[in-house]
Participant: 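Pasting in a structure now, in structure tokens, and then I'll have a few things to ask.
Nothing fancy with the numbering, it's 1 onward along the sequence.
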Amino acid sequence: MKNLDKIRNIGIVAHIDAGKTTTTERILYYTGRIYRIGSVDEGTATMDYMVQEKEHGITIQSAATFFKWKDYEFNLIDTPGHVDFTIEVERSIRVLDGIIIILDASAGVQPQTETVFRQAQKYKVPIIFFVNKMDKLGANFEFSVNSIKEKLLINPIPIQVPIGREDEFAGVVDLINMKKVRWVNEDGSQYVYEDIDHSTYEKDRIYMLEEIASLDEEFMEKYLNSEYTVDDINNALRRITLNNLGSPVLCGSAIKNIGIQLLLDAAILYLPSPKDRFLQKAFYIENGLEKEIYVNTLENSDKLLALCFKISYFPSIGKVSFVRVYSGSIKENDVLYNSTKNIKERANRIIKLHASYIEEIKELKMGEIGAILGLKKTATGDTLLDEEKNLFLESIFVPEPVIFASIEAYSRADEDKLFKALERLSEEDPTFKYKINEETGQIIIYGMGELHLDIIKDRIQRDYNLKIHSGKPQVEFRESITKKAVEEYDFQKQVGNKLQTAYVKLEVMPIDEGIKVFVDTDQIPDKIVPFVKEGIVEALAFGVLAGFPCSKVKVRVIDGKYDKDFSTPLAFKVAAFEATKLALSNAQPILLEPVMKLEIIVPEEYLGNVINDINARNGEIEEISIYQSLGNNVINKILALVPLREIFGYSTVLRSITQGRGTFSMELYTYKEVPQNLQENIILKGTI
């Protein structure tokens, strides 16, 4: 077995423009993976290899790479920061053992930082924070650390403090070893440790030690007796980080080549190895019922357990399935069992990727992240085994789209090519969906935002050499209910020479989030239950008001009748479908719309204009605070909740009313009921 202690599977995540890709570029340079530092602004960054990424200057797809640092093997994933591409972060965090969250030193925790933090918490992934851009105007390390504590409600433990800030930023003080660290050459490859006046930084060190002692009992005893060493401090920090009790905080400036090597050292010291994350949540089906279990990958180290977390298509090699191997191994030409789809597929070739560059290997071992060529039907979230079992790893949460637009090919000759392109794009990106509008014959594409759909349309035209017409983006509404209702459906139909029967009684009720389906009766055999659930889910996919998907609904089957001679799975599926539709109709159905959380950064002189504009868009101002204050130059931050239907094209409007000086970011906040005066129009036309 490979030495798992020497492996780190980590991700770089952050709000947009915090410096993720710039940080990753330096990591690759200092570890010898690349020999020239690329630039995001110049479109030469290694990990931003897509044409669209180079043009927009942002990361769109997560990109994987691997390297060595001090005898440790790293698998690293650089993720997007824009909210439209949050699935890339979600599925990366799902398979990583630890993450580094990058903060902009002038902004601290921003909206997308909160989102990626919640994603990490969901999968219990340990975190290190790196306060980047300490050289930037308005950089404030203390403010950034406090924002972690106040907004994320966790314990940040600063193990470094900056020497100076903004133009005077000159290095960091290592509070564990009580040494100044200074980078001495232009590319940042050489740095030196220097002595410092301990009294100057004693207050910072005591704060760090007391935070560690408060979170780790073992260290507390040594600290109270003044009998601790540097190793004791590092060991305690590792325990705290692995148990998600707190997070070390480092600082630097990636663009100025300061702080990156110490960040890598911290990843070795404090982030987990695969050995530390040996318990994997999974599900096992027994007698038709799903049971949650935890698989000990160390005890089952010879049995293959892997998760496909991403699909990509490369022009030179076709479909690539990215996988994380939790136990066992995958060798070239192995036959793998996909338990999610109940199929077998052959792993023709095994590769590792450095962004878009491919390196063939013979085997993917326990604890590693790599990719497979040859898996034709395996998709994102599928579990791979070496034997046929009803065992499934915890899958990947895929958020529902909030926006849609119509597209069509220029010519009938291109229609088949267009559908092939859409199929591949939806396979790569689970948040992108498409369907045909049966009334108009148009193709409807669904996504997470305007930029998401713009990128999809651009890829259709460039990557697949297709010309398309496209309509304006529109809101993807949801349907829900406001009260409980109970309905039944008795299905009896002659099919061929046989009578088919089924009886289902169920109740629907409103809930706070999502969809929940339960079969709570022993009158329906276990073998029939999946078909009942399938009928309910299909009914919920198209609501009773305007055909939008349902949300915030719980369905509970409370009775049924099964006849061993005449009842069939299909009959029960139809009965469940019809009963659900009837119940929804009688539960006072309503339309819901997506509401976005906006963070707007605006100079003081334009504050009134922006607030008036938000109010005119039926928005709610949640908070107004000072973002920066430099003499008479005050910049404000506005947090607002605004219906998505009101903010199409908002970037253009904001630029206009702030003379180009205002910026904003947004994320989905919740769904709320559409105003009554708009519901009728939406129900009639399918849009506003």
Side-chain angles (χ1 to χ4, degrees), residues 12-27 39-41 57 81 100-114 116-117 127-152 156-175 180-183 186 188 191 196 200-201 203-204 207-208 247-263 266 599-604 625-637 661-665:
I12 306 289
V13 301
H15 188 88
I16 192 168
D17 288 336
K20 297 176 306 303
T21 302
T22 302
T23 301
T24 303
E25 197 74 12
R26 269 64 183 173
I27 287 173
S39 166
V40 174
D41 293 335
I100 297 169
I101 295 182
I102 311 288
L103 301 182
D104 180 329
S106 69
V109 171
Q110 296 171 274
Q112 188 65 4
T113 318
E114 296 181 53
V116 298
F117 176 75
I127 299 166
I128 286 176
F129 288 93
F130 180 65
V131 181
N132 189 29
K133 300 189 177 184
M134 281 304 308
D135 61 307
K136 184 180 176 182
L137 188 68
N140 189 324
F141 182 70
E142 187 177 352
F143 159 76
S144 297
V145 173
N146 287 337
S147 72
I148 295 171
K149 194 166 193 173
E150 292 169 5
K151 294 188 176 181
L152 304 182
I157 306 171
I159 62 173
Q160 296 174 353
V161 290
I163 301 171
R165 65 179 186 180
E166 299 178 345
D167 290 341
E168 297 178 358
F169 178 59
V172 304
V173 172
D174 176 350
L175 295 174
K180 178 195 293 186
V181 190
R182 187 167 56 86
W183 279 258
E186 189 176 341
Y191 54 101
I196 56 170
T200 305
Y201 297 99
K203 183 179 177 182
D204 296 309
Y207 177 82
M208 175 193 74
S247 293
V249 184
L250 298 87
C251 61
S253 169
I255 198 72
K256 296 292 184 182
N257 308 317
I258 296 175
I260 305 304
Q261 295 93 333
L262 302 190
L263 182 61
E599 180 182 85
I600 307 164
I601 308 300
V602 57
E604 179 83 25
S625 59
I626 294 176
Y627 179 73
Q628 280 182 10
S629 182
L630 303 169
N632 294 324
N633 183 20
V634 177
I635 299 176
N636 290 280
K637 178 172 74 173
R661 295 175 63 192
T663 61
F664 84 103
S665 60

Participant: List the atom of A105, the atom of M134, and the distance in Å for their closest heavy-atom pair.
Facilitator: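 That would be CB-SD, 3.6 Å.
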Participant: Supply the atom-to-atom distance L262 CG to Q160 CD, rounded to the nearest 0.5 angstrom.
Facilitator: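 It is 5.5 Å, given to the nearest 0.5 Å.
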Participant: With a 4.5 Å heavy-atom cut-off, do F169 and K256 have their side chains touching?
Facilitator: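 F169 does not reach K256 side chain to side chain.
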Participant: Could you grab the distance from atom CD1 of I163 to atom CD1 of I196, nearest 0.5 Å is fine?
Facilitator: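 Between I163 CD1 and I196 CD1, I get 8.0 Å after rounding to 0.5 Å.
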Participant: Closest heavy-atom contact between P162 and C251?
Facilitator: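 In terms of heavy atoms, the two residues are closest at N-SG, 3.7 Å.
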Participant: Quick one: does H15's side chain get under 4.5 Å of S665's, heavy atoms only?
Facilitator: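 H15 reaches S665 side chain to side chain.
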Participant: Are L152 and V109 side-chain neighbours, meaning at least one heavy-atom pair lies under 4.5 Å?
Facilitator: yes
Participant: Hey, is the main chain of A254 close enough, under 3.5 Å, to the side chain of T22 for a donor-acceptor pair?
Facilitator: no
Participant: Is a side-chain N or O of Q112 found less than 3.5 angstrom from the main chain of V13, in a donor-acceptor match?
Facilitator: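 Between the backbone of V13 and the side chain of Q112 there is no qualifying donor-acceptor contact (under 3.5 Å).
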Participant: In chain order, what residues pass the side chain to side chain contact (heavy atoms under 4.5 Å, CB included) check against N140, with sequence neighbours excluded?
Facilitator: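 So N140 forms a side chain to side chain contact (heavy atoms under 4.5 Å, CB included) with E142, F143, R165.
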Participant: If you look at every heavy atom in N132 and G19, which pair is closest and at what distance?
Facilitator: ND2-CA, 3.7 Å
Participant: How long is the span from the CD1 atom in I16 to the OG1 atom in T113, to the nearest 0.5 Å?
Facilitator: 11.5 Å
Participant: Checking D17 against D104 for the side-chain contact (heavy atoms from CB on, under 4.5 Å) test, could you report, in this order, the C-alpha distance in whole Å, the side-chain angles of both residues, the deciding distance, and whether it holds?
Facilitator: CA-CA 8 Å; D17 288 336; D104 180 329; 6.0 Å; no
Participant: So how far is it from I258 CD1 to D135 CG, rounded to the nearest 0.5 Å?
Facilitator: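 The CG atom of D135 is 7.5 Å from CD1 of I258, to the nearest 0.5 Å.
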Participant: Using a 4.5 Å cut-off on heavy atoms from C-beta on, say whether the side chain of L250 contacts that of I128.
Facilitator: yes
Participant: Heavy atoms, side chains only, cut-off 4.5 Å: are I148 and F117 in contact?
Facilitator: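 No. Closest side-chain heavy atoms not under 4.5 Å.
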Participant: Between V172 and W183, is a side-chain contact (heavy atoms from CB on, under 4.5 Å) present by the stated rule, with each step listed?
Facilitator: CA-CA 9 Å; V172 304; W183 279 258; 4.2 Å; yes
Participant: Rounded to the nearest 0.5 Å, how far does CD1 of I157 lie from CZ of F129?
Facilitator: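 Here the interatomic distance stands at 11.0 Å.
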Participant: Between I100 and T23, is there a side-chain heavy-atom distance shorter than 4.5 Å?
Facilitator: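 The answer is no; the side chains never approach within 4.5 Å.
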Participant: Mind running side-chain contact (heavy atoms from CB on, under 4.5 Å) on I255 and K133 for me, showing each step along the way?
Facilitator: CA-CA 7 Å; I255 198 72; K133 300 189 177 184; over 6 Å; no
Participant: Check whether any side-chain heavy atom of N636 lies under 4.5 Å from a side-chain heavy atom of I626, and answer yes or no.
Facilitator: yes
Participant: Atom CZ in F130, atom CG in L263: separation rounded to 0.5 Å?
Facilitator: 5.5 Å
Participant: Specify the closest pair of heavy atoms between I102 and A14, including all atoms of both residues, with the distance to one decimal.
Facilitator: O-CB, 3.1 Å
Participant: If you look at every heavy atom in N257 and R26, which pair is closest and at what distance?
Facilitator: OD1-NE, 2.9 Å
